[in-house]
Amino acid sequence: MNRTRRAILVVALMVGALLPLFLKSYGIYLLTLLCVYLMPAFGLNLIVGYAGQMSIGQGAFYGIGAYIAALLMTKAGIPFWLVLPVAATSCFTIGLALGFPALRVQHHYLAFATLGFNVLVYLVMRNEEQLTGGTFGMSNIPRPSLFGYSFDGALPFFYLTYVSLLALGCVLWWLLRSPWGRAFAALRDNPIRAESTGVNITAYTLLAFAIGAACAGIGGAYLAALVNFIEPGQFGVSVSLTMLLAVIVGGSGRFFGPVLGSAIVILLPEWLRFLQDWYLTLFGFAVIVMMIFLPGGLLSFADRLKTRRRAP
Amino acid sequence: MSPSIIEFENVVAGYSPSLTILNETTLDARRGEITLLIGPNGAGKSTVLKTLFGLLLPRLGEIRFEGQRINGKPPRELLAEGIAFVPQGRNLFGSLSVRHNLELGGITLPRAELRGRIDEVLQRFPRINERIDNQASTISGGEQKQLEIGRALLLRPRVLLIDEPSIGLSPKLVEQIMTMLRTLADEGTTVLMVEQNVRTALRYSNRALVLEMGRLALDRPASEILQDPDLNRLFLGGHARTSAAG
Amino acid sequence: MTASPSLLEVKDIRKHYGAIKAVDGVSLSVDPGEIVGVIGPNGSGKTTLFNSILGQIKPTSGNVEFCGEDITGMSPLQLSRRGVGRTFQTLQVFVKLSVRDNLIAAAQEFKGTMPSRLFAPPDAGLGYHADEMIELFRLKHVAHLPAGSLSYGQQKLIDIAMAFMPAPQLVLLDEPCAGVNPILVDELHDLLVNLNRTQGGSFVVIEHNMDFIMKLCAHVVCMVEGKVLAEGPPAEVQSNRQVLEAYLGN
Amino acid sequence: MGELIHLVVSGTATGAIYALAALGFTLLWQASNTVNFAQGEFVMLPAFMMLFFIGTLGTPLWLAFLLTCPVAMLLLGYTFKRVIVDPLIRHGVIPLVIATLGLAIGLKQLVKASVTAQAQPFDSAFPNGLLTMGTITVSYADVGTLLLAGMIVIGLQLFLNRTLTGRAMQAVAQNTEAAKVLGINVQRMVLYTFLINAVLAVVTALLITPTYLAKFDMGESIGLKAFYAAIIGGFNQARGALLGGVLVGVLENLTGAYVSAAYKEGVALLLFMIVIIVRPEGLLGKPEERKV
């Protein structure tokens with residue numbers, strides 16, 4: 001990372017930290033939501049952008065994390081800090097299992113398989129009323145507190161989420177910069193070659209799904225605490241779909257791609273409220289236009305300009 | 001000497017911007033002759049045929065058919081002008097019958113004419129006639145190649161491009177196919193052929209063009225090359241260029 | 001000195017697809033440090049033989065021993081762990097990674113364990129070695145560009161350099177010269193000889209460029225229709241009557 | 001026993017509808033390696049077109065159907081191919097998958113924003129009532145559906161096998177390069193496939209909308225069933241789509257009646273998961289060799 005990029009990053013992080021001080025509670029809520037949403041989105045970028053696997057099931061893990069948090073906090077009274085590792089490890093384990101179809105099938109088949117998994121999870125959430133409250137959902141999910149300090153308020157909870165997101169981001173950054181990141185990329189670019197250069201493609205495929213799912217599980221727990229109320233509709237196929245498109249629109253396989261993409265699906269519609277349902281209409285068609293003219297996502301625009309300049 | 005009917009002039013072509021196969025290739029084929037393209041693998045023999053037939057766009061240079069520039073014309077137009085192509089490998093539609101495979105070769109003809117043309121081809125290939133209602137995937141390798149050639153002849157082409165017809169066929173069948181091509185040429189069809197089975201092919205050809213690294217390295221009458229004691233070196237080491245000079 | 005045990009011992013490998021016998025009983029052996037060439041007309045089963053040795057496909061019968069161990073049917077992963085590397089006939093580089101990263105990726109999985117690599121430095125301690133290889137293959141000016149953006153010949157070089165990164169005992173090269181310009185072919189020959197001398201590994205090379213094979217290899221095997229037709233020193237194979245017939249027809 | 005037969009018949013009828021959508025899906029795949037994630041929306045849109053003709057112009061259902069066919073062929077066939085598939089197909093499957101995912105969202109929201117978010121009733125093409133033969137009772141709608149779907153499938157098979165154009169389409173699907181060498185107009189044959197897919201979508205809409213009701217998100221379920229039916233039966237086989245569709249329809253019905261109504265939707269999914277783990281090429285499919 002060169003010096004200008006580092007400067008931009010520092011400025012962006014400062015703006016992110018200071019912006020809520022000037023916003024009303026709804027604005028703070030939206031920024032918090034963006035931070036929460038970025039957790040599964042970062043995880044999905046690892047799966048899709050770095051390891052080159054297809055997934056339309058990230059919403060399911062987001063939901064599993066949220067439901068685990070809700071259940072353990074409301075029914076068993078377990079504190080948030082203990083719930084978090086449970087949500088993460090559960091999703092990690094289930095993610096590992098979902099990785100197995102990925103060893104058998106690729107591309108669009110994998111898209112269908114993960115999408116199917118999402119439908120299945122949705123059906124369980126909707127139908128197992130005794131456990132999940134069915135379509136009525138689960139409410140009164142508390143926000144965490146630490147050493148007697150409560151994160152109930154909008155600002156404290158924002159800063160908690162913000163710092164958590166930064167921590168998660170750092171862990172992923174470090175992971176992707178380590179030789180593992182190169183192994184994931186090798187798996188994405190050419191699995192056959194990767195295998196003959198000693199990359200254990202089975203292990204890396206499963207791990208990509210598992211780590212990505214764990215990120216979503218953590219995000220789900222924060223979501224439950226943020227919105228206090230969850231129901232199956234928040235974790236349906238369309239959520240997974242939008243998240244996948246957010247990652248791709250931002251620029252999959254680029255670390256900050258999901259930030260831009262998530263802002264487009266979380267913040268922009270609020271700003272363009274007058275468009276109502278037309279917003280998603282435009283978004284859907286914009287995705288098509290982007291795939292035709294800028295398939296690498298919005299962040300690839302700069303590279304595109306560079307290569308064009310280099311070419312005679 | 002009969003006039004050139006196909007001419008390549010400084011043609012550059014390849015499968016991607018980073019992979020150039022034909023490197024300013026200049027060559028020609030003469031009317032009513034069998035011209036044989038030979039050379040080591042990767043020399044660009046098949047690429048010559050594909051570029052000629054519009055399956056690959058030349059990046060530079062000119063390709064002429066009867067003196068007219070045909071660069072970049074699609075296969076459909078070239079078929080209409082009288083060039084047909086039998087590519088390497090299996091090119092039949094396995095689930096369709098032999099008759100339907102033949103019919104598809106004449107898809108560019110008026111429907112009324114199709115039937116007569118099919119009968120004409122079947123007369124030339126009695127073996128195919130016997131299998132006319134079988135599924136194409138069930139007939140033998142030799143019959144499949146005959147069917148492919150027959151399918152190309154349906155349009156009565158003036159130039160026939162054929163890529164490695166002998167692959168997977170027994171020596172006897174290869175002789176049959178070569179004899180048939182010789183007859184065609186004697187009747188006036190120009191044949192441009194790529195073939196690995198060099199000795200056999202040379203015996204039936206008029207002229208041999210040796211390609212090396214995408215360029216014409218040697219252009220000799222077939223009989224002359226066949227006698228050349230250096231023929232072996234051409235393929236098993238020693239550059240063609242050196243033997244051409246020597 | 002007693003006869004040294006051979007490094008690779010291929011015993012009567014067969015690969016049949018239904019009635020088609022792509023490889024039909026091939027045996028060959030490679031001694032430590034030896035360079036063996038495999039030639040033969042198109043469709044004679046050379047690549048299928050490679051793929052059967054390398055676990056890319058499962059042979060119908062026969063077995064393969066490496067350093068005295070039966071490695072038949074082992075996955076490419078297991079083989080690479082044992083020191084068997086390969087290059088591919090078609091380009092197989094990691095297109096979005098830089099040239100340097102391609103080279104590091106080719107060797108990093110042999111250093112330490114998976115968990116330990118998570119805590120290793122980003123270049124896995126291979127940066128210096130990769131730079132050496134880049135120097136050797138004269139790729140310095142493009143070392144930081146994505147491999148996919150380079151020319152065919154350059155990608156071919158990366159492909160070969162990758163195979164040698166982990167210093168394997170045996171490398172199988174599938175048509176290293178295909179699509180490479182003549183000047184580069186000469187360089188490639190020098191590089192391989194150099195690597196053979198410095199790393200001491202053995203190679204098996206499939207190649208259609210006869211000059212290249214005849215200059216590089218001490219031992220040549222000619223395959224025709226899935227069988228070994230002749231083998232021996234290059235000059236002997238070159239003048240073998242049957243080989244000539246196989247190439248030129250009779 | 002009577003109940004079982006009734007369930008099987010109505011399941012087969014529903015399955016036949018899935019099969020029609022799945023058939024279009026496999027045809028597109030075979031002819032041009034197109035995977036259309038908006039297939040469900042391709043069914044939803046004609047439903048609203050037909051409602052438009054009925055509501056605005058006051059046409060009867062059959063006329064609305066006939067009028068919708070050419071509109072669908074133009075929009076969902078020709079325009080889809082030219083604007084979205086042609087520029088993207090050479091970059092491989094995934095960019096097209098993403099683009100059709102975008103298309104699915106765009107079409108859904110377009111209908112929601114510009115027409116209505118409410119479910120609209122849709123008349124059945126067949127009379128109400130039950131047909132009783134001894135102990136066996138089946139509805140007219142099921143019988144009608146089976147007959148119409150059967151006719152469409154047989155008609156399509158006749159076209160593909162008995163006409164030169166149909167055989168040329170098969171040729172393109174089997175070996176595009178060889179077809180091009182013979183002078184077959186590959187792009188036109190592929191276009192025909194897209195047009196057929198559009199018409200199949202209109203027929204699917206005609207048959208399924210009376211039960212599903214016309215709603216902007218009705219395509220999600222039918223699209224998914226079509227994908228799963230296609231993959232269960234074998235993605236590269238037209239017969240596979242038929243088998244897969246009927247299998248899903250019947251098993252769903254039986255599950256709904258005897259196991260759990262709540263998990264009826266999960267049947268196709270479960271079957272799909274088993275198939276891709278055990279036999280990824282599908283029940284009737286031919287395995288596609290992994291390229292080395």
- Mind ranking Ala106(C), Ala163(C), Ala124(C), Ala107(C) by heavy-atom pairs under 4.5 Å with chain A and telling me who comes out on top? Ala106(C)

- Bottom line for Leu79(C): the part with an atom under 4.5 Å from chain A's heavy atoms is neither

- Region of Leu176(A) that comes under 4.5 Å of a non-hydrogen atom in chain C: neither

- Query: Any side-chain heavy atom of Phe203(C) within less than 4.5 Å of one from Leu172(C)?
  - Reply: no

- Query: What part of Pro168(C) gets closer than 4.5 Å to chain A, counting heavy atoms only: side chain, backbone, both or neither?
  - Reply: neither

- Query: Below 4.0 angstrom, N of the basic side chain to O of the carboxylate: do Asp101(C) and Arg182(A) qualify?
  - Reply: yes

- Query: For the atom pair SG (Cys217(C)) and CZ (Phe212(C)), what is the distance rounded to the nearest 0.5 Å?
  - Reply: 7.5 Å

- Query: Relative to each other, are the rings of Phe119(C) and Trp174(A) parallel, tilted or perpendicular (30° and 60° limits)?
  - Reply: tilted

- Item | Residue Arg117(C) versus chain A: region with a heavy atom under 4.5 Å | both

- Task: Let me know if Asp159(C) has heavy atoms under 4.5 Å from chain A in its side chain, its backbone, both or neither.
- Result: both

- Query: Under a 4.5 Å heavy-atom cutoff, which of Ala105(C), Pro122(C), Ser75(C) has the most pairs with chain A?
  - Reply: Pro122(C)

- Is it the side chain or the backbone of Ile104(C) that comes within 4.5 Å of chain A heavy atoms, both, or neither? both

- Query: Tell me, side chain or backbone of Met114(C) under 4.5 Å from chain A's heavy atoms, or both, or neither?
  - Reply: both

- Test the Arg86(C)-Phe88(C) pair against the cation-pi criterion, namely NZ or CZ under 6.0 angstrom from the six-membered ring centroid and within 45° of the ring axis. yes

- Note on the structure: Pair count under 4.5 Å, heavy atoms only, with chain C: among Val199(A), Asn200(A), Leu175(A), highest is Val199(A)

- May I ask you to test the Leu7(C)-Phe66(C) pair for a side-chain heavy-atom distance under 4.5 Å? yes

- Item | Among the listed options Leu126(C), Leu54(C), Leu97(C), the residue most often paired with chain A at heavy-atom distances under 4.5 Å | Leu97(C)

- Query: When you measure from the side chain of Asn102(C) to the backbone N and O of Phe94(C), does any donor-acceptor pair fall under 3.5 Å?
  - Reply: yes

- Between Lys156(C) and Tyr152(C), is NZ or CZ placed under 6.0 angstrom from the six-membered ring centre and within 45° of the ring axis? no

